[in-house]
**Student:** 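Please read through the structure below; I'll follow up with questions.
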Amino acid sequence: MDDCLNEKSGKNLIKQITRETGVVLHDCYQCGKCSAGCPMAHAMDLMPREVVHYMQLGMMDEVLKSKTIWLCATCHTCVDRCPNDIDIPSLMEKSRQEAKRRGLVAVKEVDRFNDIFMENVKLFGKSQEVILEGLYNVSTGHFIQDMENVPHMLSHKLIGIKPVMIRDRGAVQKIIRKTMKDKKKK
Amino acid sequence: MSVEKNWEPKIIAFTCNWCTYTGADLAGLNRMKYPENVHLVRVPCSSRVNPQFILRAFQKGCDGVMVCGCHPGDCHYATGNYFTRRRFMLMKRLLEYNGIDPQRFQARWISGSEAAKFRDTMTQVTAQIRELGPNSKFQEKWYQEGGPENE
Amino acid sequence: MLRYAYYPGCSMDSTGATYKKSIEFVAEKIGLDLREIKDWNCCGATAAHTKDEMMALALPARNLALAESEDLGLDIAIPCAACYSRMKYSLHAVRTDEEKKEQIQEIIEMPYEGKNDVLSFLDIFSTEEAMEACRSKMVRTLSGLKVACYYGCLLSRPHEVTGGEDTENPMDMDRIVALTGAEPVDWSFKTECCGASHQVDVPKEARPLLDRILRNAQANGAQAIVTACPLCNMNLDMRQAEINEKMEKKYNLPVYQFTELLAVAMGAGAKEIGLHKHFFPAFELMKKYAKRAGENG
Amino acid sequence: MSRTGVIICHCGTNIASMVDVEKVAEEIGKIPGVVYSVTNKYTCSEPGQQMIKDAIEEHSLDRIVIGACTPRMHETTFRKMLKGTKINPYMLEIANLREQCAWVHTDKEKATEKAISLVRMSVAKVGSNKPLFTSFIPIHKKALVIGGGIAGIQAALDIADAGHEVTLVEREPSIGGKMVMLDKTFPTLDCSACISTPKMVDVSAHPNITLKTSCEVEAVTGYVGNFEVTIRQKARYVNHDICTGCGLCETKCPSKISDEFNQGIGERKAIYKLFPQAVPAKPVIDAQNCRKLNGSAKCGVCQIVCPLQCIDFEDKDQLITETYGAIVVATGYELIDWTKLYGEYGSGRYADVISGLQFERLVNASGPTEGHILRPSDQKEPKDVVIVKCVGSRDEKKGKSYCSRACCMYGAKHAHQILEKIPGSNVYIFYMDVRTPGKGYEEFYNRTREDGATYIRGRVAKIYKEGDKLICTGEDTLIGKPVTVKADMVILETAMVPARGVEEIVSKLGISMDGDHWVQEAHPKLRPVETQTAGIFLAGTCQGPKDIPDTVAQASAAAVKVCGVFSKEQMETSPMISRVNEEKCCGCEFCVKCCPYSAIAMKEIDGREGNRKIKRMVATVNSGLCQGCGACTAACRTGAIDLLGYTNDQILKEVDALCL
Amino acid sequence: MNDTLEIKREAQLRETARRLLEDGTVGYIIGWGTTRFEDKTAPLFAAKPEEADRLVWNEYCINSLAKYSLDDKYPEKKIGICVRGCDSRAVNRLVNDKQIERENLFLIGMPCSGKENSVCEGCSHKNPVVYDILIGEPVEENTEEKASAERFREIEEFEKMSPDERYEFWAKQYDKCIRCYACRNICPACSCKECYADQYMVGWQGKQNNRAESQVYGLTRAYHVGDRCIECGECERVCPMGLPIMRQTKKMLKDINDLFGNYECGVESERAPVLGEYDLTDRDEFM
């Protein structure tokens, strides 16, 4: 009887998420305006509307396993048009963080990119497009992606090989360390 | 103060004519049973009940006091019980602050159709007050019977 | 007085180089005084908020706090939509949430009160003062050039944070671009998302986003797209050829920054502002339409 | 010393079986001031009543306490009985010994004790009773109906048919309201104008109805039976007493203005009739757009061509004051201005995205396209039409949180009309729920689907233009996929909102509105056509969104309420109302804030301070408005305002008596 | 207290007062004057310009002055009143209760950094909230943290006691009460023409001096002024028997703040007392 709705285990997590985001899930009456306006909907396995509905039902596992939470581009079109002001991007955000904690990353590339981006920032205090792209390609195995553009960039000095850094890199590192430490404690 | 033999709690309930008083009548019509200790004072609206009446009731020797009216939103006079709600939320806290047990003063919304709720509330409140015993706080009888020498 | 604290953002040193040049040119012309924040850091862009909310608030806040500590009382000008959005989030949090404000201060170990505003370049150029200054410096007209002004999502949404104008059909850039004589077309994808970093991590899924924007611009008669963000610009510019190839389309829409249009109209040479550096050829179209002001045809 | 008579009723065995009534009578008889204490088998019966009457004479009683059934049962009976005696009917108290004693208790001894307490409380209370006298308000049997839509028309006709005079006030130049704009009415599809214009003519021809178009209510004072209403007759610049409505002026007028009756589709002149079947069928001049009146040109063509010299450019607004006994508010609704709210639907930038009311005009045979459905941008017949429901309704963020109730049905009607009039057309209806609670409504919805309308469950996220097509994107939430429709025309079924200016009317009348500015009814279930103010009633959509059948039903109900008021020459007001002791009143206005009926006002009285004469403010209760709730009394710290029949003194006496 | 600053303020006050009396702006000025005790001042009514110099301003200017205006509700000329933060709130209170007309008063604002009075400790409005002229510069307000921490500290502690302990405490207090009604007479929230306690036709309040009657008086007073109390502490200061009267009214205020949102009386002149209004969304605990 694992499928009983009233025994779904996601309820506590959902409570926590709604508390942190201030989203009132039962306000959503499933009109689908979010999905219809979502630029990434075509690639999603769950419609944004369905994510909310799963959460209304307490079915958090389905949400955490979905590609949708990783494909959300956080463009806020959905919440801007939502008649009930459901902050879907924040729900996606929190779900993503939880999914990562549980090792359920459905779209690895997105997660890799974000990791590398932040590593980059941690290292230099600024993001380095060429290093970012390079590292990302190496780590995902997409060696040739966007490489056709590199000669153009180099020849027009759009990118440099030498990294640009900030002076007080320690300050940035501290910010990242502090906030991530916070994360682990939870 | 020693508990009198055969002591029975004396409870007064200020009830609005349109909801709770009607609900009490319906309880009678249905022959529902509740303790004899409850005495109703009929007022047109719970907002008619001046909080000073409560003080007076305790002073004169009631062991429990209630204010009952229509549920918020159902007031016969549209908005009366919203005032009731504010007034008695404050009065109740003030009484408790001055040492009155919370059960001794209670307010309830009981509609004209809620005869069973009326019966249950009255039964429950009577039991609570019986449990607490006679009230001497704020009572003038305490003075008439000797005052501070009683303590 | 057109004086602002200035946060260029990481892209300005690389793919945004042409944007930077045009900004410098226009700033010089109209007396826009931009004072770069000393030792600024990356705002965290689209990545930090996927990790942790406080990180995403604290990274930009360090820059804002630096600007505030210089105590010039200047609002902060930001040319990149993503940086702008992140800074606005921080500012919004500090101004509306006492608890978060304290947390942020504790994390960045600096005082920060959110005294100054965060402004996008569109905010700055659409002020009466800036519009007037631009108008007086026009030496060329781009009359006849039909452009679609693309704002992107982050400049306008979410409304509570940006406090911006219409989230569906903003007009600031249209008004600024019209100063050059170019004709902004009425189109419907001004604030649709271009996919941002998804163009790197999930390009196949993200390509249709660019396709839709290009398609609607072209369908409404635009000959070029104008942006106000290095990221949007790069996505539409660098990947247009790729869209044409992989999705079998025939888009021909050079992508300019709005400051490039202003610079050209103010007399900048193509090389001077790096028009030839665009991925999608942008020089020819500009050459065709840029005329000396008052010249006929 | 008062002389109280007490009668304890056996109520057959109802009371007597559980309460020792003789003992009660005996115990009560011991109370000082009680000079007569007996029991009676059936007090409410004729002999029982006679016994009381006799006792009053015999024992010179001046007040009565009856221990019997609930006062809610026989209080009025006994008061009526007292009317025939020398005792004032309000010198009576009833102790509830049946419902609240005998019937609910099981221990006879204790029940008897309680009965004694209850009667003692009543005896204590009656000791402080004072004679009260009902007052009478004359009823002015003339009704005012505000708003000349179908609700106002119906109410006016019903009241007039009952034989009372009615004044119908409409701010537009013609009555008819929104209904006359519609083409057909659901679910029967009868022609809206065909059923509403005869009623309009009836109004103008009815001997009991005075029609006042181009008029607005300026001020209202008074109370039920006696409302003093000032009406502003706006300048019409056409003498309607002479005008025959020949229409020559209209054809010659050179100014063309966007036609509001046709929802901006098409144009009208500056001198105009609102629509061809307007009632009265005479034109007025729109001063704002008249070249002569706004000073932009000399013009005056209408004056020149008018064969009867009706045009009067010097016409001025006039104020008329009259007295009415009752008022019906029927101010109606309008559609929410979606163009200011929905950027994603183009904010009105696309000519072919229209509102439901615009579509009504398009499809209406007397409309600007003579009933041909042609899209506004290029006058082409649309083949693919999208209908979007709940635009502005059920949208807490951008519009209104409520459901507008009629849109599901007229959306279906629009679909049906398109499919019927345009062969080969396709209609897509984006909906969230289909709500059809009404007679024949669900059947009509089914029929629309049979006609071929495609229902898609989801809200449209965006409408944009590509070429001459409007692209609508939505999610079909039932299959969980985004869908796109390329449409030639889009109809937005927009929310109903209260008519503009309702806030002013409401404040002039002293009634209240809810959060969405719909006029507040006295009770949502039991008094849906009344307001908190006696004599003011509600009809139609001013009270909340509704369809035509409900509107008409409510209008007739309001008419009945008015006739109820008019059924008497005078109105008896309850004497159990609040009264101010002016000597004590300090004028703090706290009671005014608590009164739900705005029955308390402040007045200036003469006073003294030291040896100086001064004017000071005190509260005063309007006996026509006060309903006797007593909320003010508990707010008054001084106790300067008191409720007759339930005075502070009386209630305190009851409390004291219980505790003896 | 910064003495030099306050001495300067006193000089300015006298100068202003003289000018106002000279040019006829006001008929008289209510302020503080010396007494034969060095550490006491008394209300002073200055009607002539030369009397202006008898006005004093020091840490002993404790008496609340606003209520004196009720003795002259219909003055021929404006009444000048020196108002500290608390006095100005008292004025707002009386204006809101329609007891005086603002136009009849000329308010001389006295920024006040606290007097020899414990109630000043957590003062939330040291500067007058309303005035016609301000004497000297405003003083620095207490931080919000300090004011709010101080405001209900005592009440919260008292609430921790058991009902019987609380009753015992108050019973002992009311045993002391001599029903002199000084607390009522000084209170700017008490403005009835005839106090309920003085009425004999309706037996609201017995006149005997015993515990029960005093308790009824104490609670009724607290309830009557609870939603209008401006927290000046005068009731407690004038009590000859030393009853902690403020603890009753502050309890009302604390509950009002808890139940109906932030509420400070007399800060805005327009705001009605909370018992004169309601909110559909008020907490409902009487289900």
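To find a chain, count down the sequence lines: A is the first, B the second, and so on, and within it residues start at 1.
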**Student:** Is chain A contacted by the side chain of C/E205, its backbone, both, or neither, given a heavy-atom distance below 4.5 Å?
**Tutor:**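 Both parts, backbone and side chain.
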
**Student:** Using modelled atom types only, decide if a donor and an acceptor are shared between the side chain of A/K174 and the backbone of C/E109 within a distance under 3.5 Å.
**Tutor:**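 No, because the side chain of A/K174 does not come within donor-acceptor range (under 3.5 Å) of the backbone of C/E109.
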
**Student:** Can you check whether A/R167's main-chain N or O pairs, donor with acceptor, with C/D39's side chain at less than 3.5 Å?
**Tutor:**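 Answer holds: yes.
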
**Student:** Whether the side chain of A/K126 engages the backbone of C/N41 through a donor-acceptor N/O pair (distance < 3.5 Å, no angle test) should be reported.
**Tutor:**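 No.
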
**Student:** Within the side chain of C/H49, is there an N or O that forms a donor-acceptor pair under 3.5 Å with the backbone of A/S90?
**Tutor:**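 Side chain of C/H49 to backbone of A/S90: no pair is present.
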
**Student:** Look at the side chain of C/R62 and the backbone N and O of A/A171, then say whether any donor-acceptor pair between them is shorter than 3.5 Å.
**Tutor:**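 Side chain of C/R62 to backbone of A/A171, a donor-acceptor pair under 3.5 Å: no, none is there.
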
**Student:** Which atoms of A/V79 are under 4.5 Å from chain C, going by heavy atoms: the side chain, the backbone, both sets, or neither?
**Tutor:**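 Contact with chain C: none, neither part.
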
**Student:** Atom CZ in A/R96, atom NZ in C/K51: separation rounded to 0.5 Å?
**Tutor:**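 Rounded to the nearest 0.5 Å, the CZ-NZ separation comes out at 10.0 Å.
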
**Student:** Looking at C/K204 and A/E109, is there a salt bridge between them, counting it only when a charged N and a carboxylate O are closer than 4.0 Å?
**Tutor:**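 Between C/K204 and A/E109 there is no salt bridge, as every charged N stays at least 4.0 Å from the carboxylate O atoms.
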
**Student:** Treating C/H198 as the side-chain partner and A/L71 as the backbone partner, does any N or O pair qualify as donor plus acceptor under 3.5 Å?
**Tutor:**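 Side chain of C/H198 to backbone of A/L71, a donor-acceptor pair under 3.5 Å: yes, one is there.
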
**Student:** For C/E168, which atoms come within 4.5 Å of any heavy atom of chain A: side chain, backbone, both, or neither?
**Tutor:**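 For C/E168, the contact with chain A is made by the side chain alone.
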
**Student:** Looking at A/K108, A/R81, A/M92, A/K100, which one has more heavy-atom pairs under 4.5 Å with chain C than the rest?
**Tutor:**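 Highest number of pairs under 4.5 Å: A/R81.
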
**Student:** Between CD1 of A/I166 and SG of C/C42, what distance do you get to the nearest 0.5 Å?
**Tutor:**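 One finds 9.5 Å between CD1 of A/I166 and SG of C/C42.
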
**Student:** What's the separation between atom CG in A/D85 and atom CD in C/E160, rounded to the nearest 0.5 Å?
**Tutor:**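 Reported to 0.5 Å precision, the distance equals 6.0 Å.
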
**Student:** Would you mind checking which part of C/A58 comes under 4.5 Å of any heavy atom in chain A, side chain (CB onward), backbone (N, CA, C, O), both or neither?
**Tutor:**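 Contact with chain A is through both the backbone and side chain of C/A58.
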
**Student:** Does any heavy atom of chain A fall under 4.5 Å from the side chain of C/L59, the backbone, both, or neither of them?
**Tutor:**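 Contact with chain A: backbone and side chain both.
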
**Student:** Among A/P89, A/A43, A/A73, single out the residue with the greatest number of heavy-atom pairs under 4.5 Å to chain C.
**Tutor:**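 Greatest number of close heavy-atom pairs with chain C: A/A73.
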
